[in-house]
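These notes are about the structure you will find just below.
Hydrogens, waters and symmetry mates play no part in the numbers below; they use all other heavy atoms, side chains included.
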Amino acid sequence: MKNPFHSLFQSASPKVKSKRTYSNKWRSFLFLIFLSCSISLGGVMSVVRAQTDPPAAIETFPKNSVEPSSPNLSSPNLPSPNLSRPNLSNSSFALPSPLPATPTVAVPANGKYVLELNRSPLVGNRLRLESIYDEARLRFTRPRNWKPQTVKMSLRYRHSPALYASRSNLTVLINGTSIGSVPLNQPETKIGTAVFDVSPDLIQDYNEITIAALQNNSPTCTQDPYDPSLWTEVLPDSKLVFDFQPQPIAMDFSRYPYPIFDTLSLEANQVDYLQPQTIDETWLTTASRFQAALGRVAVYRDMETRLISDIDQVKPSQPLIIIGTPESQPALKSLKLPLSLKDKQILDGKQQPFPKNVGLLMLTTADENRTPVLVATGNGADGVAKAVQFLVQTPDRQIGTGNVIVVSEVAPVPSPPLRQWSGYLPVENRFQLRDLQTYDRQPYKDVSVRGSHAPALEVDFRALPDDLFVPGSSMTLNYSYGAQVNPLTSLVEVQIDGVPLAGSRLSSADGAMRQSMKIEITPDRIKPNSKMQINFRLDPRERRSCSRVTDQQLWGTIHADTSFDLKREHLSRMPDLKLMQSAFPFAAPQDLSSTAIVLPQKPSPQDVALMLEVSARLGRLSRSDALQLEAFRADKLTPEKRKTSHLIGIGTQAEFPFPEAFEADGFALKNLLSRQRGQSAVQTLPDREGVLKEIVSPWNSDRVLLALTGQTDTGLDQVSHLISQDPLFYQLEGDTVLISANQPNLSEPSPDAKQDFNLEFLHQSPRREVSTTSQFERLLIMLRNNWFVLAPGLIAAALMLYGVAQLYLKKFTGQEQKDG
């Protein structure tokens, strides 16, 4: 019988064969791509084992299996795992049975806390309310382990003697609920005091106090809402008083970073690091990464860090971080750990040592259960690195739970692109408002405001530190507004950092939908810390006499498809410490993989403390899913890292790891407490100043070297204050900063650190331009910016070419005639 499919394979024309062959090859190619993606996805899994209270099925590590080889950790970078799927049969270990109870931080006695309103920058020396109606809003948080018992608010105030008491009052609201009002009836210069009881049920994690003042200076009405006699001031010693019952804190990684760091704390979070017996690259790198991760959690919140040498130095309720193997951290044997420890090794449930490349994370307590303790350990350096890397990588940390985590595998997170900075302007030159993010990292949608005094929409409009804007940038504002506005006095306005760019009158009394306004953005307006304000000035068509203006029918909408077209190059001039305010260039890329911190061969406690402060600052100023910051001792820094990394050197002049920083042009520290600047040289005694100096790296002209140094340890303390205190840090400029305390033995700066320190800024080193824009792109930008000379240039070039051609033709024709 003839094969019915024979004709399909044998009788096809050559053309059909060719098409079918191409189709089969294309399908095979797609199949290979799919297979490769599947294998890659399997290879980047993170495998962890978390201990929880309920017992679970236990998988043991086969005794006869070969222990996975321990990757070399001579470089503190985490080893890149095999891209094939991990062997899950070797990733689970026997845990103690029964599992130990979850540790709990002991409950202290009932407490009282006084929260004064002057802690808010909005209050300052006084909070002033003006006009017929005005209000102020203050926010505060409630620490996670507080259960309020009683809450009282004490409000101290004074007001204008011109106010009419029966028509003027002060109202206080918490989270939108009124807690009381008082009439503004105090005699002239008299300070009034009002105490309000607050229901504890009103207090939430995040809270808002609203203080509203209704003010009139006439028994009938106030004709002028801007009369300067309409004012009330809330004094800065007004306060909230809490009586609270602390709650027990269960130590569980599902709540991490709490209780190591409480984002709701009313005081500065305090963290202690236990110094290991031997400081090596593994501890330096893991500690710096962990501290940078805490900096990312803290962001704007205060954080105080200490380095202690003995576990007895820890303060009650102050979290303790222990990083290192049992050999380098002997204090581990004094803690009540959920896993047993023998012969400086941590054992599993079958009393077998964990492999050296397995990380272990444990939460426990110390100091009679009053101090929470986080332990990141392992039986080898690779295991310690894995344990910490699990906590500093967002995708991995989210799957943690229980009070013990056994980290078998950690997925490598690709380094983000060099110019992908969260919270800054998109890399693309053309984008829309919806491509920007709100304060809670959500994309913008259409935003509507109501009322004649509606607040402006404020948008973070932060340029990347190396953005250089050129003429031609613009935005197209798309907006709508409602009816009943006065077309003579109503407008929409756009500002950057409070400076108006343009405005447009709302000319239709019946309102308008989907209006557009194109606005030119001047090149020097956008900075790395810029904010854009879009404001509707809405005025009603009719005003009612002797009553509050009815204005809630007025509205304006800013549409999310508002577009931007920016013209920019990528050019920076280094060295420039002002760029350090955005952590540039150390945070490019944002995982800090291009940065290395280098300490002396034998780091002192001051050196390590300064390293932790620098790491925290870099963490506060960067955002990514992982951290790849590295730290070395001077003798362990490889030539390759020296050449390819931005370097941060730490140490006193005698021990500084990069003497080249003192040989460069400009200011330099020398031996025997001497200083040199140019041809001038002096010797000072004593020298307690700290020095920050940035130079172009001697080993790579596209990299920088930042020196954090001083002649003494006291100088390093001054540098640490500069890095940690915002009022000082955000003054950085020039290429060299000299910092000294105004008091000889200053241990802790005041909240306004400017008055405690003296800063000298030096501009001395020549700057070098570093650009990531290609030559072709720069040519296109030049042509675009100078298009008006393009046509004359082309005509001139054409005339020159014509002239050359004519000369050649005449010469050639004359030669022919001569030859003929």
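Residues Val373 and Leu335 are in side-chain contact: their nearest non-hydrogen atoms beyond the backbone lie under 4.5 Å apart. Between Leu374 and Tyr256 there is a side-chain heavy-atom pair separated by less than 4.5 Å. With a 4.5 Å cut-off on side-chain heavy atoms, Leu599 and Ile597 count as touching. Side-chain contact between Leu706 and Val704 is absent, with no heavy-atom pair separated by less than 4.5 Å. In this structure the side chain of Asp467 never reaches within 4.5 angstrom of the side chain of Tyr424, judged on heavy atoms. Annotation: side chain of Leu360 is not in contact with side chain of Phe93 (no heavy-atom distance under 4.5 Å). Residues Leu610 and Ser720 have side chains in contact (heavy-atom distance under 4.5 Å, counting atoms from C-beta outward). The closest side-chain heavy-atom distance from Phe584 to Leu464 is not below 4.5 Å.
Contact check on Arg370 versus Asp367 returns a salt bridge, with a Lys/Arg side-chain nitrogen under 4.0 Å from an Asp/Glu carboxylate oxygen. Of the charged side-chain nitrogens involved, none lies within less than 4.0 Å of a carboxylate oxygen, so that Asp396 and Lys386 do not count as a salt-bridged pair. Comment: Asp280 does not engage Lys636 in a salt bridge, judged by the lack of any side-chain N to carboxylate O separation of less than 4.0 angstrom.
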Kindly indicate, with the supporting measurements, whether the criterion side-chain contact (heavy atoms from CB on, under 4.5 Å) is fulfilled by Lys602 and Arg633.
CA-CA 7 Å; Lys602 295 181 179 180; Arg633 290 171 294 173; over 6 Å; no

Going through the distances and angles, do Leu274 and Val314 end up as a side-chain contact (heavy atoms from CB on, under 4.5 Å)?
CA-CA 9 Å; Leu274 183 61; Val314 70; over 6 Å; no

Show your working on side-chain contact (heavy atoms from CB on, under 4.5 Å) between Met580 and Leu618 and close with a plain yes or no.
CA-CA 9 Å; Met580 185 64 186; Leu618 292 176; 4.3 Å; yes

Under the criterion side-chain contact (heavy atoms from CB on, under 4.5 Å), I'd like the reasoning laid out for Leu692 against Leu708: C-alpha separation, chi angles, the key distance, then a yes or no.
CA-CA 5 Å; Leu692 276 80; Leu708 308 179; 3.6 Å; yes

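Taking all atoms of both residues into account, the shortest heavy-atom contact from Ala381 to Thr325 is N-CG2, 4.4 Å. Listed here is the closest heavy atom pair of Phe632 and Ala596: CE1-CB, 4.0 Å. The nearest pair of heavy atoms linking Gln581 to Leu732 is NE2-O, 3.0 Å. Contact record, Leu332 with Gly324: CD1-O, 4.2 Å, taken as the closest heavy-atom pair. The two residues Thr286 and Val384 make their nearest non-hydrogen contact at CG2-O, 4.3 Å. Across all non-hydrogen atoms, the minimal contact from Ile650 to Pro600 is O-CD, 3.0 Å.
Ser594 contributes a side-chain N or O that, together with a main-chain N or O of Ala588, makes up a donor-acceptor pair within less than 3.5 Å. Listed for the Asp460 side chain is no donor-acceptor partner under 3.5 Å among the backbone atoms of Arg462. With Arg617 contributing its side chain and Ile723 its backbone, the two residues share a donor-acceptor pair below 3.5 Å. Side chain of Gln313 to backbone of Ser309: a donor-acceptor contact under 3.5 angstrom is found. At distances below 3.5 Å, at least one donor-acceptor pair connects side-chain atoms of Gln590 with backbone N or O atoms of Ala587. Side chain of Asn403 to backbone of Met251: no donor-acceptor contact under 3.5 angstrom is found. For the pair Thr104 (side chain) and Ala250 (backbone), a donor-acceptor distance under 3.5 Å is absent. The backbone N or O of Ser254 sits less than 3.5 Å from a side-chain atom of Asp252, completing a donor-acceptor pair. Of the possible donor and acceptor atoms, none in the side chain of Gln437 sits under 3.5 Å from a partner among the backbone N and O of Ser422. Between the side chain of Gln329 and the backbone N or O of Ile323 there is at least one donor-acceptor pair closer than 3.5 Å.
A 6.0 Å sphere centred on CD of Glu368 holds no more than 12 heavy atoms belonging to other residues, nucleotides or ligands. Within 6.0 Å of the CD atom in Glu327, the count of heavy atoms belonging to other residues, nucleotides or ligands does not exceed 12.
A side-chain donor-acceptor contact under 3.5 Å links Thr305 and Gln291. Counting only N and O atoms by type, the side chains of Ser645 and Arg703 include no donor and acceptor under 3.5 Å apart. For the 3.5 Å distance criterion, the side chains of Glu640 and Thr644 fail to qualify, holding no donor opposite an acceptor. The closest side-chain donor-acceptor pair between Gln318 and Asp272 falls under 3.5 angstrom.
From Arg301, atom CZ reaches atom OG of Ser265 across 10.0 Å, with rounding to the nearest 0.5 Å. In this structure, the separation between CG on Leu705 and NE2 on His646 is 11.5 Å, given to the nearest 0.5 Å. Atoms CZ and CZ, on Arg623 and Arg441 in that order, are 5.0 Å from each other to the nearest 0.5 Å. In this structure, the separation between CG on Leu621 and CZ on Arg296 is 10.0 Å, given to the nearest 0.5 Å. With rounding to the nearest 0.5 Å, the separation of CG in Leu629 from CD1 in Ile648 is 7.5 Å. To the nearest 0.5 Å, atoms CZ (Arg306) and CD1 (Ile321) are separated by 13.0 Å.
Within the structure, the ring-ring contact (aromatic ring centres under 6.0 Å, His included) test picks out no pair touching residues 305-348 (sequence neighbours left out).
Residues satisfying the side chain to side chain contact (heavy atoms under 4.5 Å, CB included) criterion with Pro657, sequence neighbours excluded, are Val598, Ala634. With sequence neighbours excluded, the residues that form a side chain to side chain contact (heavy atoms under 4.5 Å, CB included) with Arg144 are Tyr258, Asp262, Thr263, Leu264. With sequence neighbours left out, the side chain to side chain donor-acceptor pair (under 3.5 Å) criterion links Asp205 to Arg142. Taking Asp607 as the reference, Ser604 meet the side chain to side chain donor-acceptor pair (under 3.5 Å) condition, with sequence neighbours excluded. Taking Arg642 as the reference, nothing meets the salt bridge (Lys or Arg N to Asp or Glu O under 4.0 Å) condition, with sequence neighbours excluded.
The aromatic rings of Trp699 and Phe658 sit tilted, their planes meeting at an angle between 30° and 60°.
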